[in-house]
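Got a structure here, written out as structure tokens. Questions coming.
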Amino acid sequence: MESMLSKGYEPHEVEKKWYTHWETNGLFAAAEKDDRPAYSIVIPPPNVTGVLHMGHALNITLQDILCRYRRLCGDNVLWMPGTDHAGIATQNVVERDLTASGIDRHQLGREKFIEKVWQWRQTYGSAIINQLKKLGASCDWQRERFTMDEGLSRAVKKVFVQLHQEGLIYKGNYIINWCPRCMTALADLEVEHEDHEGHLYHIMYPVAGGEKGPIVATTRPETMLGDTAVAVNPEDSRYAYLAGKEVELPLTGRKIPVISDKYVDMAFGTGALKITPAHDPNDFEVGRIHNLPSLKVIGDDGKMTAEAGKYEGLDRFECRKAVLKDLEEQGLLVKIDSHDHAVGHCYRCHTVVEPNLSKQWFVKAGPLAEKALAAVKTGRTKIVPEKWENDYYKWLENIRDWCISRQIWWGHQIPAWTCGQCGGITVAEQTPEHCSSCHSTDLVQDPDVLDTWFSSALWPFSTMGWPDETALLKTFYPTSVLVTGFDILFFWVARMMMMGMHFMDDVPFDDVYIHALVRDEKGKKMSKSTGNVIDPLTIIEKFGTDSLRFTLTAFAAQGRDIKLSEKRIEGYRNFINKLWNAARFSFMHIKQNYASDAFSDLSLPDRWILDRLKTVSQNMAEALDTYRFNDAANELYQFVWHEFCDWYLEFIKPALYGNKGDAEEQSSKKVLWRVLHDTLILLHPIIPFVTEEIWHILPGTEGSIMQATFPSDKTMSGQISLDPDAVREMDLIMAVITGVRNIRGEMNISPSKALDVLVQTADENTRNLLEQNREFVIDLARLDSFVVEPVGEKPKGTATAIVEQAIISVYLEGIIDFGQEVARLEKEIAKIDVEIVKLDKKLTNPGFVNKAPEDVVGKVKLQHQEYVEKKEKLTANLDRFQSLQAE
RNA sequence: GGGCGGGUAGCUCAGUUGGGAGAGCAUCGGCCUUACAAGCCGAGGGUCACAGGUUCAAGCCCUGUUCCGCCUACCA
């Protein structure tokens with residue numbers, strides 16, 4: 001069989017084979033009702049038009065690890081998959097496609113356009129899903145959902161109607177963020193602020209009659225055309241003379257009042273503030289209080305309106321230039337200061353957002369936020385790492401109403417109808433026949449659609465069939481954990497909490513695990529425009545999925561971003577290959593099923609590796625239970641490579657080759673089978689493909705490794721117990737071997753040259769231990785002779801290493817120049833001296849000896865003594881060498 | 001403006017109640033030892049950003065400084 005196994009692991013065929021196998025055999029399927037404990041995760045639905053990026057890869061890998069792990073633990077696992085309709089993003093994509101063929105969506109009309117988008121989804125919507133599958137995602141694909149599905153749309157309507165009835169959704173005229181390119185309103189969250197070096201323009205507004213008046217300061221001079229007042233602080237003596245007067249608004253000929261409001265900061269700018277209620281949220285508020293008219297001078301298309309007079313039709317930024325030029329000509333532009341300020345951009349197309357007066361729908365967020373806040377404060381839902389809880393609190397405590405209407409076509413159309421007769425609004429789940437106010441049938445549905453995040457907020461329960469009371473909800477809601485990046489903590493997590501508490505009367509998830517962002521090797525956010533993206537699919541093509549998964553897992557430390565480079569992935573690809581080869585080697589010797597064989601005649605390495613296996617299993621479980629993914633990965637890496645491969649396999653080779661007698665051969669084969677078997681299961685959640693492949697070659701396994709049982713006290717059934725004696729004893733044996741190897745390496749002695757070694761120690765236990773395991777030492781240190789004796793005559797012409805109490809002497813006569821050994825010993829002694837000085841300082845400090853806990857003092861004393869003894873032995877040797885040299 | 005995170009080996013980062021500074025990669029030396037050169041054996045390398053403080057003891061706790069990153073905000 002081993003001849004069938006290639007020398008290097010080749011992932012591609014293996015991955016395809018097993019993914020198909022898992023899926024067609026229903027191994028990802030959750031049971032709606034079941035006696036097993038339920039474990040559930042809803043996927044953060046990727047945009048239906050999206051392409052897989054590293055963020056997804058990390059996010060999916062971590063969820064898949066948890067799901068596979070919980071299945072191995074015997075849970076009934078539901079991983080609910082699906083996609084998000086991503087209103088603005090998707091509409092933009094399809095529009096761009098139309099534009100390419102010279103069509104405007106308005107030519108097409110709403111219905112045709114939406115049809116086009118559905119077609120688009122039909123064609124490309126499965127792309128992202130297939131990419132998730134390439135990552136090995138073990139989602140229950142039979143249950144895949146889409147936010148525009150019939151069922152989910154029903155949930156959206158029901159939520160909208162109920163919130164409206166409860167007064168938590170309202171329509172009103174307010175300042176909102178407007179993207180002139182997407183031609184839609186945006187929520188506050190959807191605006192990305194960037195610091196810009198801008199200017200603060202000081203403009204003189206003459207008092208009526210042309211005399212000098214107040215000077216206002218603004219960063220957006222074009223908005224002056226929409227000013228309806230100038231405000232000053234009532235306590236500002238500089239402007240007292242203006243109270244109640246009017247000033248002339250330059251370039252317009254309009255007269256506007258000077259009003260007093262203590263909102264104005266006397267210290268900022270000139271202390272006189274222009275008021276533009278239609279284009280600034282603060283001004284809007286001031287205008288409301290003072291009953292000022294609102295004048296909209298910037299249109300929804302970003303061009304100046306008729307209200308802007310001669311500037312009509314100019315782009316807003318062109319208009320800024322024109323206004324400044326005209327003001328300058330009239331001598332009214334007093335001064336220009338440079339001024340840094342934040343400018344809002346659309347998070348979808350990066351156009352500068354315009355605050356605009358507009359009639360929109362809003363969610364009254366306060367009451368919903370309270371419950372969401374309490375759920376985390378009381379610990380009902382735990383956010384991991386905990387530090388994110390603060391951000392969560394802060395945002396919810398200062399939450400503002402949420403603008404949910406979007407002026408696009410792709411999305412859930414708002415279930416509200418305006419009456420052509422009385423103007424009343426009827427909100428209903430089903431298309432109403434009559435106006436709820438005047439009973440007219442002249443009804444037109446609101447053309448706007450809802451914010452995509454409105455429907456994603458319902459995801460944890462809408463995907464499970466809500467508003468019906470389904471078995472799925474009963475079994476799996478609340479979900480066990482939500483795994484996501486911090487960038488959507490507010491967008492999505494907080495809103496799911498609000499909706500979950502309000503409509504399900506319970507949190508949507510017990511835990512929230514917030515993972516890092518994946519960046520490039522320089523720490524920059526990966527983006528297409530910067531061209532620094534590492535494409536997961538390319539990586540998979542090159543290194544295989546398991547390599548990518550293991551890399552991401554090993555770097556998924558809590559609270560820090562992941563800087564990824566190909567070099568790293570290559571390193572973990574080597575690990576996969578190492579595992580593959582260890583298995584290949586094992587299968588040269590394991591030809592039968594040892595599953596039910598009791599252990600007997602265990603050698604020291606056997607006992608040791610079983611102890612390590614058990615410890616690692618426990619650590620692995622603990623790490624995954626607390627979302628310390630990197631710890632889990634590193635623990636396994638260390639164990640597999642540096643304990644199992646580097647030591648255990650080397651130790652048992654002679655036994656496997658039959659050089660140690662039948663009993664030890666059988667014993668080691670049984671243990672090898674068990675360790676390989678359990679290690680594969682431990683690794684499977686992180687690297688599912690290679691483990692499944694090896695699993696099927698391992699004699700005695702049945703079915704998929706997905707159906708195996710995670711190693712625990714139960715499965716180890718008392719056969720494998722912690723064995724601290726074995727660990728201690730092995731540490732000594734390994735130290736002796738390393739001591740000899742060290743001398744060999746430092747002295748440049750060829751590895752093929754077998755050495756003669758003498759170990760002297762007064763400790764009888766150590767002598768017995770070394771005698772009992774002498775074959776191991778001889779094999780791994782490559783010795784010709786190995787003598788163990790009580791301390792006696794010091795040998796001549798040897799290099800020395802000290803392990804615990806034992807003096808290891810390697811005969812060098814005829815091999816090496818003794819001067820080299822002198823240098824080596826001096827170096828070694830110098831190192832020990834540093835340690836002794838450090839420990840001396842502690843022990844001569846009365847504060848330490850008196851105040852430190854006894855065990856700590858004891859430990860230091862012991863350590864000190866050990867170093868001193870070691871030094872004495874090395875020094876004695878050094879002396880002999882020096883005298884030898886002198887001869 | 002407010003808040004948060006970070007600064008540990010050449011690089012990327014671990015370091016969970018304060019008690020012997022770690023890993024991977026890179027570097028250097030030696031090896032085709034019949035699972036693996038995507039490998040094996042060994043070695044070197046750190047004033048834990050800086051300055052104070054608490055403590056017998058600080059990478060870890062406190063204060064300040066500095067640099068970097070991010071989030072958030074209606075001072076025009």
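Below, chains carry the letters A, B, ... as their sequence lines are ordered, and counting in each starts from 1.
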message: So, OP1 or OP2 of B/A35: does either fall under 4.0 Å of a side-chain N or O from A/K653?
response: yes
field: Residue matched to B/G5 through Watson-Crick or wobble contacts both under 3.5 angstrom
entry: B/C68
message: At 4.0 Å (heavy atoms only), tell me whether A/D265 reaches a base, stays on the sugar-phosphate, or touches nothing.
response: base
- request: Tell me what A/Y657 touches on the nucleic acid: a base, only sugar-phosphate, or nothing, going by heavy atoms under 4.0 Å.
  value: sugar-phosphate
message: Side chain of A/V264, heavy atoms from C-beta onward: which of B/C41, B/A76, B/C74 has the nearest atom to it?
response: B/A76
query: Does A/R400 place a side-chain N or O at less than 4.0 Å from the phosphate oxygens OP1/OP2 of B/C74?
result: yes
query: When you check the phosphate oxygens OP1 and OP2 of B/G39, does a side-chain N or O of A/N574 lie under 4.0 Å from one of them?
result: yes
query: B/A76 phosphate, OP1 or OP2: any side-chain N/O from A/H339 under 4.0 angstrom?
result: yes
message: If we count only N and O atoms by modelled type, under 3.5 Å, do the side chains of A/K542 and A/S547 hold a donor and an acceptor together?
response: no
A/D646 vs A/H642, nearer the 5' end of RNA chain B by closest nucleotide: A/H642
task: Please work out if A/P853 contacts a base, only the sugar-phosphate, or nothing of the nucleic acid, heavy-atom cut-off 4.0 Å.
output: base
Interatomic distance, A/K542 NZ vs B/A38 C1' [rounded to whole Å]: 13 Å
Interatomic distance at C1', B/C48 relative to B/C32, whole Å: 41 Å
task: Test for a donor-acceptor pair under 3.5 Å between the base of B/A35 and the side chain of A/E650, counting only N and O atoms.
output: yes
- prompt: Which of the following nucleotides, B/G20, B/A26, B/C31, is nearest to the side chain of A/K567?
  reply: B/A26
message: If the cut-off is 4.0 Å, is A/W641 near the phosphate of B/C40, judged by side-chain N/O to OP1 or OP2?
response: yes
- prompt: Can you find a side-chain donor-acceptor pair between A/Y347 and A/E192 that sits under 3.5 Å?
  reply: no
task: Identify whether any heavy atom of A/K841 sits under 4.0 Å from a base atom; if not, whether one sits that close to sugar-phosphate; answer base, sugar-phosphate or nothing.
output: nothing
- prompt: Considering heavy-atom distances to RNA chain B, does A/G847 or A/Y572 have its closest nucleotide positioned more toward the 5' end?
  reply: A/Y572
- request: State which of B/C56, B/A35, B/U33 makes the closest approach to the side chain of A/R584.
  value: B/A35
query: For A/T738, which contact category applies under a 4.0 Å heavy-atom criterion: base, sugar-phosphate, or nothing?
result: sugar-phosphate
- prompt: Quick one: do the A/Y174 and A/D401 side chains pair a donor with an acceptor below 3.5 Å?
  reply: no
- prompt: If you look at every strand shown and take non-hydrogen atoms under 4.0 Å, does A/E746 touch a base, only sugar-phosphate, or nothing?
  reply: sugar-phosphate
message: Of the options B/A43, B/G39, B/C56, whose atoms approach the side-chain atoms of A/N742 most closely?
response: B/A43
message: Mind checking if A/E192 touches a base, just sugar-phosphate, or nothing, with heavy atoms under 4.0 Å?
response: nothing
message: The side chain of A/L189 is closest to which nucleotide in this list: B/U72, B/C31, B/C74?
response: B/U72
- prompt: Base, sugar-phosphate, or nothing: which does A/V860 touch, judged by heavy atoms less than 4.0 Å apart?
  reply: nothing
- prompt: Which part of the nucleic acid does A/A554 contact within heavy-atom distance under 4.0 Å: base, sugar-phosphate only, or nothing?
  reply: nothing
- prompt: Is any side-chain nitrogen or oxygen of A/K394 closer than 4.0 Å to OP1 or OP2 of B/G2?
  reply: no
- prompt: Within 45° of the six-membered ring axis of A/F585 and under 6.0 Å from that ring's centre, is NZ or CZ of A/K653 located there?
  reply: yes
- request: Ignoring the backbone of A/T219, work out which of B/A35, B/A76, B/A23 is nearest its side chain.
  value: B/A76
field: Atom of A/R220, atom of A/R320 and distance for their closest heavy-atom approach
entry: CG-NH2, 3.6 Å
message: I want to verify a distance call: between B/A37, B/A73, B/C75, whose nearest atom is closest to the A/K7 side chain?
response: B/A37
- line: As its Watson-Crick or G-U partner within any shown strand, both distances under 3.5 Å, B/G59 has none
- prompt: At under 4.0 Å between heavy atoms, what does A/R573 touch on the DNA or RNA strands: base, sugar-phosphate, or nothing?
  reply: base
query: If you look at every strand shown and take non-hydrogen atoms under 4.0 Å, does A/K838 touch a base, only sugar-phosphate, or nothing?
result: sugar-phosphate
- prompt: Checking only heavy atoms, does the side chain of A/K578 share a donor-acceptor pair with the base of B/C36 at less than 3.5 Å?
  reply: yes
message: Closest approach to the side chain of A/A852, judged atom by atom: which nucleotide of B/A76, B/C56, B/A14 is it?
response: B/C56
query: Would one find a side-chain N or O of A/K831 under 4.0 angstrom from OP1 or OP2 of B/G44?
result: yes
field: Proximity to the side chain of A/N577 - top-ranked nucleotide from B/A38, B/A76, B/C71
entry: B/A38
- request: Under 4.0 Å between any heavy atoms, over every strand shown, what does A/Y637 touch: base, sugar-phosphate, or nothing? Just pick one.
  value: sugar-phosphate
query: Under the ring pair (Phe, Tyr, Trp, His ring centres under 6.0 Å) criterion, do A/Y637 and A/W641 qualify, and how do the steps go?
result: CA-CA 6 Å; A/Y637 184 98; A/W641 200 317; 5.6 Å; yes
- request: State yes or no: are the ring centers of A/F543 and A/Y572 separated by less than 6.0 Å?
  value: no
